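Quick notes on the structure that follows.
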Amino acid sequence: MNANENRGQNRSQEPDQPRYRYDAQMAQTIEEHWQKEWDQEGAFWAANVAGDLKDSKGRNAEGRSPYFVIDMFPYPSGKGLHVGHPLGYIATDVVSRYHRMKGENVLHAMGYDAFGLPAEQYAVQTGQHPRVTTEQNIANMRWQLHRLGLSFDDRRSFATIDSDYVRWTQWIFSRIYESWYDTEYRRRDGGVGSARPISELEESFRSGSRAIPGYPDRTWDDLDQAERSDVLNDYRLAYISKSPVNWCPGLGTVLANEEVTAEGRSERGNYPVYQRELKQWSMRITAYGHRLVEDLDILDWPEKVKLMQRNWIGESHGASVLFKVPAKDGERTMEVYTTRPDTLFGATFAVVSPEHDLLRHVPDQWPEGVPEDWKGGYPDPSAAVRAYRLAAEAKTARDRVDEAGEKTGLFTGLYAVNPITGARLPVFTADYVLMDYGTGAIMAVPGGDQRDYDFATKYGLPVIYTVKPLPDSGQDLADFEGKAPFVSHDGIVINSSIEATEEAGDALSLDGLRVDQAMERVTSWLESAGVGRGTVSYRLRDWLFSRQRYWGEPFPIVYDDQGLPHLIPDDQLPVALPDVPDYSPKTFDPEDSESNPEAPLSRNQDWVDVTLDLGDGPKVYHRDTNTMPNWAGSCWYYMRYIDPHDTKHMVEPREFDYWLGPNHNATAGESGGVDLYVGGVEHAVLHLLYARFWHKVLYDLGFVSSKEPFHRLFNQGMIQAYAYTDKRGQYVPAAEVEESEEGGKTIYTWQGERVNREFGKMGKSLKNIITPDDMYRTYGADTFRLYEMSMGPLDESRPWNTRNVVGGMRFLQRLWRNVVDESTGQVVVDEGELDEKTLKLLNQTIHDVTAEMEGMRPNTAISKLIVLNNRLTSLKVTPRAAVEPLILMLSPIAPHICEELWNKLGHQESMAHADWPTWDERYLGQDTVTAVVQVKGKVRGKLEVGPDISAEELQAKALALPAIQERLGGKEPRKVIVKAPKIVSIVPA
RNA sequence: GCCCCGGUGGCGAAAUGGUAUACGCAUCGGACUUAAAAUCCGCCGCCUGUAUUGGCAUGUGGGUUCGAUUCCCACCCGGGGCACCA
C-alpha cells in the first residue's frame, strides 16, 4: 500500500506541538484512511457456504466455524444519534473483531427498521413523503455509524422498506395465514403440537375425519364458500378477529395488548384506548404459549428477560370445574377456573364477570331473605346486573387500577351447586373477575384468597379455612381466623372430606395431605366424576396485527364481492404501497370512543379496486387497506442478513443451517439462532416475543431448522446523563454549566446563576445531548470507542462524563509515543528479546485479556492493557515483541490507531484477520510471591517467598517474624491455617 | 402490594471467600521550561501522628468462618418489571 505521507503528521494550529503527536486531527486522518481501506478491501466480508457472498479473499465458508453477531436494528429517526446509542454497536463490534482474530467466519451486519409511526409523523410535519425522509435518515445514520469504524459486511445491509424485503415479509404473512395449529401433531423434535398447512385441515373436514365445528350435520362440500371461509378463519394462525380490540382514536389506529399500558392508554402518545368490536387481523400467538415458555430453558438469556416473558405469557396450571346453576329457563352450567382445586371445600360463593353469559338467565325477582346491600337498591336481579355491567363498562382501566382492593359487586339471584359438597353458593357479579381470563367465572374461597376475603367481608359471606400452615412454619391458623385469609401454596389440607353419596358420587378426603398432593387428588376425582378437568390458562392474548396507517407493509389480501378474503399468490408479491398525496393517519378526538378507524390506504380507490386472476378468471377485488405493525419487519430480519438479495428464498436452507441452525458452532446449542444479540431491555416482551413466535411457525412449517431465533441475548446498560434546571425548573444547556466549590460542596452555575443537577436520560428536551460527531471532532472515534468500553460493565447503566474521556486519549497517545517518535515520525522499537519482568507481564496480560474478551468485559481488559503499556513506557526503548501483541489485543477496541501502528511496524496485511496472541504457560508464574501473615484475620506481616514453598516452611517463617512473636506473647497459637504460598492465618490462644 | 437488580474513595469503577480501593478522572506536590501548555515522576479512603505505628472504613444491624465487599438473616435507600390473572 502506498502510505499517505501526511498521514500521522500533525496539522494542528499549536505551533510548538510535536509534528507527529497523536491528537484529534491526526486521529481523524488515520480513521478516515483506514475506513476507506477496509471498504475497498472488503475486510469484513463474511463468507457464505456457497454463492456470491464470499470473503475478501474470494473464499466461501470452507469449514470455518460461523459466528453470527448482531444488534437490535435501529429505527432511523430524524434526530440522529447521541453518544448513548452506539454503546451496544461498539460492544458487538469489539466481539466481532475479536472472533475474526480467532479465525472464525463472523457475520456482522446492520439493517434499518424503517416503517412506522414516527417516520410517518415526521413526514406529515415536513410535508415530504415518508420514503424520502426515511431514506435521508438512513443515509445520515449510516454515515454516523461508518465513522465509528464498525466492521459491518455492508453487502448484507438492507431496510425493511426495501421492496425485496417487503415481498418476503408478505410471503411470511401468507404462510402464517395458510396455517393452523394442530395440537396433536408430533413434531420432528419429539414435541406435540405444530403449525400445519390449512389444506390438511380442509382435507380432514372434506373426508369427514374431523367434525366441522358449528355444522355437525353437514359435509364440507355441502357448505357454501362463505361458510367454509368462516370455519377456516377460526383455525388460521393469522385470522380476522371478531372479539373486542384496542381502539385508540387519538392515534387513529387499533393496537396490540403489548402496546397498551396498565392504565389503559396507548404506550405511544398516552391516549385513551377503548375496547371495540372491529374486524381486524390477529395472530394466534396463544397457540404457542406453552412452547414460548418451555423453550426459554434452552436459551442463554438474562434471567430477568426470561422472567418478564414468563410473566407476560402467564401460564398457570389448574382445573376448570363445572357448577350446576338452576335458572328460570332450566339448568345452566357455570365453568369456573381455579389454580387451587384443593380449596373447593372452602368455596362459599361464586363470582362471574359483568359480561358473563350466565347473567342473561337471572331470575325475575330477588329470592327471599336477601340482604339489602346484596341488591344495591335495584328492584330485581336483571335490573341490577344490567346497571352493574353498564357501570363497569364506563369505568376506564385507570379507575379499575385506582380502585383495586376496593371490591364492588351485586348478587345475581342465582345459586351454584358445588359439585363436590352439594352446597348452594350465591352467585355474584363483580368487576374484579375479568371476562377474558380463564372462564370469566370463579369459585370464591375467602379463606385462601385476599380478594375473595375482601369481598366476603364486605358482603357478610362466610369464611371457611381448608388449609393450615405447615407445623414447622412458625405460623398458626388461629393467627388468621377472623382477620385474613391464609394465602400459601404450602400447607396441610383440613376440613375437606365427604362421604360417598348419590349426589356427590365417590367419597373423597384430602385431610392431612400437602397442597400439591391434594390438588392432584381433587383433579382426578373431578375428572372421574365428569365435573371438571385439569387445564392450563394463559395471560397472553392473541396479537392484534393490523394498523390504520400508511407507512407499513400492505396485507397480501383482497376481498371478493361477497367480502371473503383471498390471498394474493406469491408470484404477485410484493404488494407495493401506492404513491398517494395524503398519507396522514385519520385521527380523532382522543376521548371520542364512538369514532371508527379509517385507513389512509382506503382513500385511494384506484389502488383499492384491482382486477386479478386468482385462478378462476379476471375479477374485480378490493384490497385490504390496513398495514402491518412496525413489529412485522423486525420479526425476521436477522435471517435475511444471510442473503438480503436472495430472490428464490426467504432464506436458503443450507445457508441457514450453517449460520443459524442447531449446534452450528460450539456454543449454539439445540436452540440454534443468533450467537450474540445485543439490545436494550425495553424489547424484553414485545419484539422478542413476536420474533420467537414467527420463528417457531416457520420452524414448524419446515422453512428454518432452529427452534429459536436468538440463542444468546445481552442487554446493554443505558448511558445516562446529567441535566440542569434553573430556579424556574427550565432546562439549561448542560455543556455551558460550570462546576465549582462552595463551603465544601459542589455547586453548579449557568450564566452566573445557581442551577440544580438532575440525573437521567440524554435527550433534546433536557438540553444535555452529546453526539458522536462531537466526540469525533475533539478526540476521534478510537478514543470514543475506548471510553465507552471502559466506563464500566456493559450491562449496567452509567453516567456519561465528557471530562473523563481524556483518560482514554492519553492512553492512546502514550501507546503511539511508545512506537513513534513524536518529533520525527520515525518508528523506534527494540528488536531484541524481552526482559524477564516484561515477558511475564506480557504473558499474564494476554492470558487475562483473553478471558475478559471471552466474558465480554472490555472495561477490565482495557485496564490490563493500560498496565502493560505503562510498563512499556517505563522502558528506554519499546520492544517490538511486547508492543505488537499489545496492539493486537487493543485492535478490537481501538481499531484505527492499531492498524496505523501495525502498518508502521511493517505489516502489509490488515489486522482484521491477524491472529489473536497466545500466551506461554511457562511465563505465567512469578519468581516470588508476597505471602500475607494474618492474626485473627488482620494483616500483621508480609514475607517474600518462592511460589513452591511448602506449607510447613511458610508456617515456620511466619511464626518466626518478630511482629508475630510479639502478638502471640510467647504462647503457642491455638490454630494456624496455611494456604501456601499466599496466606498464613494465625489464631492466637 | 408482589418480583428482580443494585448500594465500595471527591467521581467512573476493580476485586465473587484470602493484602479492599487495580485502571482512569479530578485535586495536590516535584522535574523540565524565562513562563505556560504538553510530557514525565510522585502523593492521594477517614482519624491520630513529623514518621514508625495504631485505630476505623465496602448502605445499617446481626450471623457463619481462622478470615466476609463476596455466603446467610433482618432492615434502610436507589433503579427496574408486574399489578384485581382466580
Side-chain angles (χ1 to χ4, degrees), chain A residues 14 16-18 21 23 262-263 302-305 307-308 311-312 314-316 318 336-340 343 351 353 400-401 403-407 430-434 436-445 448-452 454-455 537-540 681-682 684-685 718 720 739 741 744-746 759 786-787 790-793 795-808 810-811 813-814 817 822 857 859-867 870 873-874 930-942 963 973-979 982-988:
Chain A
E14 301 277 337
D16 296 343
Q17 193 162 312
R21 165 159 299 169
D23 66 359
E263 285 83 34
E303 277 308 315
K304 180 189 167 164
V305 176
L307 190 69
M308 282 166 74
N311 288 343
W312 186 262
E315 180 175 84
S316 79
V336 307
Y337 175 72
T338 176
T339 55
R340 291 293 300 275
T343 63
V351 187
S353 85
R400 286 197 176 205
V401 171
E403 290 167 11
E406 180 56 36
K407 297 285 174 290
D431 63 4
Y432 82 90
V433 175
L434 310 176
D436 58 358
Y437 182 79
T439 58
I442 62 160
M443 59 174 205
V445 184
D449 184 284
Q450 185 66 51
R451 294 154 303 184
D452 296 345
D454 294 344
F455 195 89
S537 226
Y538 296 89
R539 210 190 83 115
L540 182 70
V681 73
E682 66 273 16
V685 175
M718 218 180 10
Q720 296 165 315
E739 200 180 313
E741 293 275 316
K745 276 186 175 172
T746 310
F759 186 55
L786 185 65
Y787 174 62
S790 66
M791 291 169 83
D795 53 358
E796 271 171 39
S797 295
R798 56 301 232 342
W800 176 268
N801 198 339
T802 303
R803 211 165 60 163
N804 290 351
V805 178
V806 70
R810 286 183 193 149
F811 164 50
Q813 283 176 331
R814 277 197 301 274
R817 249 195 317 271
E822 282 192 332
R857 293 182 298 270
N859 53 325
T860 46
I862 289 166
S863 81
K864 280 158 188 168
L865 294 172
I866 292 174
V867 171
N870 287 348
T873 306
S874 74
T930 307
V932 175
V933 187
Q934 297 179 336
V935 179
K936 283 164 77 177
K938 290 199 189 294
V939 179
R940 298 300 180 189
K942 291 177 187 178
R974 189 155 60 89
K975 197 174 174 186
V976 180
I977 294 128
V978 184
K979 301 268 169 172
K982 295 284 288 181
I983 298 280
V984 180
S985 189
I986 299 165
V987 190

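So you know, we letter chains A, B, ... as the sequences are listed, proteins then strands, and number each from 1. All values derive from a computational prediction rather than experimental measurement. Any value given below was found using the heavy atoms of this structure, including those in side chains, with hydrogens, waters and symmetry copies removed.
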Close N/O contacts between protein and nucleotides 52-56 of chain B (under 3.5 Å):
unit_1 : atom_1 : unit_2   : atom_2 : d
B/G54  : OP1    : A/Arg967 : NH2    : 3.4
B/G55  : OP2    : A/Arg940 : NH1    : 3.3

Atom pairs under 3.5 Å, N or O on each side, protein against nucleotides 17-21 of chain B: can you list them with distances?
unit_1 : atom_1 : unit_2   : atom_2 : d
B/G18  : N2     : A/Gln934 : OE1    : 2.8
B/U19  : O2     : A/Lys942 : NZ     : 3.0

List the residues meeting side chain to side chain contact (heavy atoms under 4.5 Å, CB included) with A/Lys304, not counting sequence neighbours, and say none if there are none. A/Met308, A/Val681

Side chain to side chain contact (heavy atoms under 4.5 Å, CB included) partners for A/Ser316, two or more places apart: A/Tyr337, A/Thr339, A/Tyr437, A/Ser537

Could I get the full list of side-chain hydrogen bond (donor to acceptor under 3.5 Å, both in side chains) partners for [X], not counting sequence neighbours?
| X | result |
| --- | --- |
| A/Glu822 | A/Arg21, A/Arg817 |
| A/Ser790 | none |
| A/Arg857 | A/Glu852 |
| A/Glu315 | A/His290, A/His317, A/Tyr538 |

Measure from the side chain of A/Tyr437, starting at C-beta and using heavy atoms only, and say which of B/G12, B/A86, B/C84 lies closest. B/A86

Of B/A86, B/G80, B/A13, the nucleotide closest to the side chain of A/Thr339 is B/A86

Using a 3.5 Å limit on both distances, find every run of at least three consecutive Watson-Crick or G-U pairs that involves RNA chain B. B:1-7 with B:76-82, B:10-12 with B:23-25, B:28-31 with B:39-42, B:45-47 with B:54-56, B:59-63 with B:71-75

Salt bridge (charged side-chain N to carboxylate O under 4.0 Å, His left out) partners of A/Asp436, counting only residues at least two apart: A/Arg541

Of all residues at least two apart in sequence or in a different chain, which pass the salt bridge (charged side-chain N to carboxylate O under 4.0 Å, His left out) check with A/Arg798? none

With B for base contact, S for sugar-phosphate-only contact and - for none (protein heavy atoms under 4.0 Å), nucleotides 22-28 of chain B reads BSBSS--

